[in-house]
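Okay, structure first, notes after.
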Amino acid sequence: MATFDDFMKLDIRVGEIIKAEVFEKAKKTAYKLFIDFGEEIGTKKSSAQITECYRIDELIGKQVLGVVNFPPRQIADFMSEVLVLGVYANQGVVLIQPEKVVRKGDKLG
């Protein structure tokens, strides 16, 4: 079982998707996301397998939650720096978002 202290080690922040591209070299269908996490953290990249539920044009400006303190992970020729959080639903991965618009970089807690 994970402990509360384990959960508190995760730095989960709100970011805004500012750019998205088809990730052609990924083994599984995915997008390259460029996410602005505000002044303190800046813009980070992520590979996200969310193509079943989202088109690129509807991702821009969307707020998402991401784990910003995992080590970067090489995926094909792309360095994924954050883990974007989503729910594995019947229709595909659905992104986790704040209910209301909040500041970029706000922390989940």
request  = State the NZ-OG1 distance between K104 and T43, to the nearest 0.5 angstrom.
outcome  = 8.0 Å
Donor-acceptor contacts, no H, no angles, side chain residues 81-101, under 3.5 Å, sequence neighbours left out:
unit_1, atom_1, unit_2, atom_2, d
E81, OE1, K45, N, 2.8
Q97, NE2, Q63, O, 3.3

request  = With sequence neighbours left out, write down each residue that passes side chain to side chain donor-acceptor pair (under 3.5 Å) with K44, or none if nothing qualifies.
outcome  = none
request  = Report the residues that fulfil salt bridge (Lys or Arg N to Asp or Glu O under 4.0 Å) with R103, sequence neighbours left out, ordered by chain and then residue number.
outcome  = D106
query = Which distance, rounded to the nearest 0.5 Å, do you find between the CD1 of I50 and the CD1 of I56?
reply = 9.5 Å
request  = Could you pull out the closest heavy-atom pair between R55 and E58, with the gap in Å?
outcome  = N-OE2, 2.8 Å
key: From CG (L33) to OG (S47), nearest 0.5 Å   = 8.0 Å
task = May I ask whether I60 and V64 are part of the same hydrophobic cluster, defined by side-chain heavy atoms of I, L, V, M, F, W, Y residues being less than 4.5 angstrom apart, directly or through others?
result = yes
Contacts under 3.5 angstrom, residues 24-32 side chains, donor-acceptor by atom type, not counting sequence neighbours:
unit_1, atom_1, unit_2, atom_2, d
K25, NZ, D77, OD2, 3.3
Y31, OH, Y54, O, 2.7

Between CZ on residue F70 and OG on residue S46, distance to nearest 0.5 Å = 11.5 Å
ask   = Can you tell me how far CE of M79 sits from CD1 of I75, rounded to the nearest 0.5 angstrom?
value = 9.5 Å
ask   = Are more than 12 heavy atoms from other residues, nucleotides or ligands located less than 6.0 Å from atom CD of E39?
value = no
Cut-off 3.5 Å, no hydrogens considered: what does the side-chain donor-acceptor table look like for residues 2-23, sequence neighbours left out?
unit_1, atom_1, unit_2, atom_2, d
T3, OG1, D5, N, 3.4
T3, OG1, D6, N, 3.1
T3, OG1, D6, OD2, 3.3
D6, OD2, T3, N, 2.9
D11, OD1, R13, NE, 2.5
D11, OD2, R13, NH2, 3.3
R13, NH1, G105, O, 3.0
K19, NZ, E21, OE2, 3.2

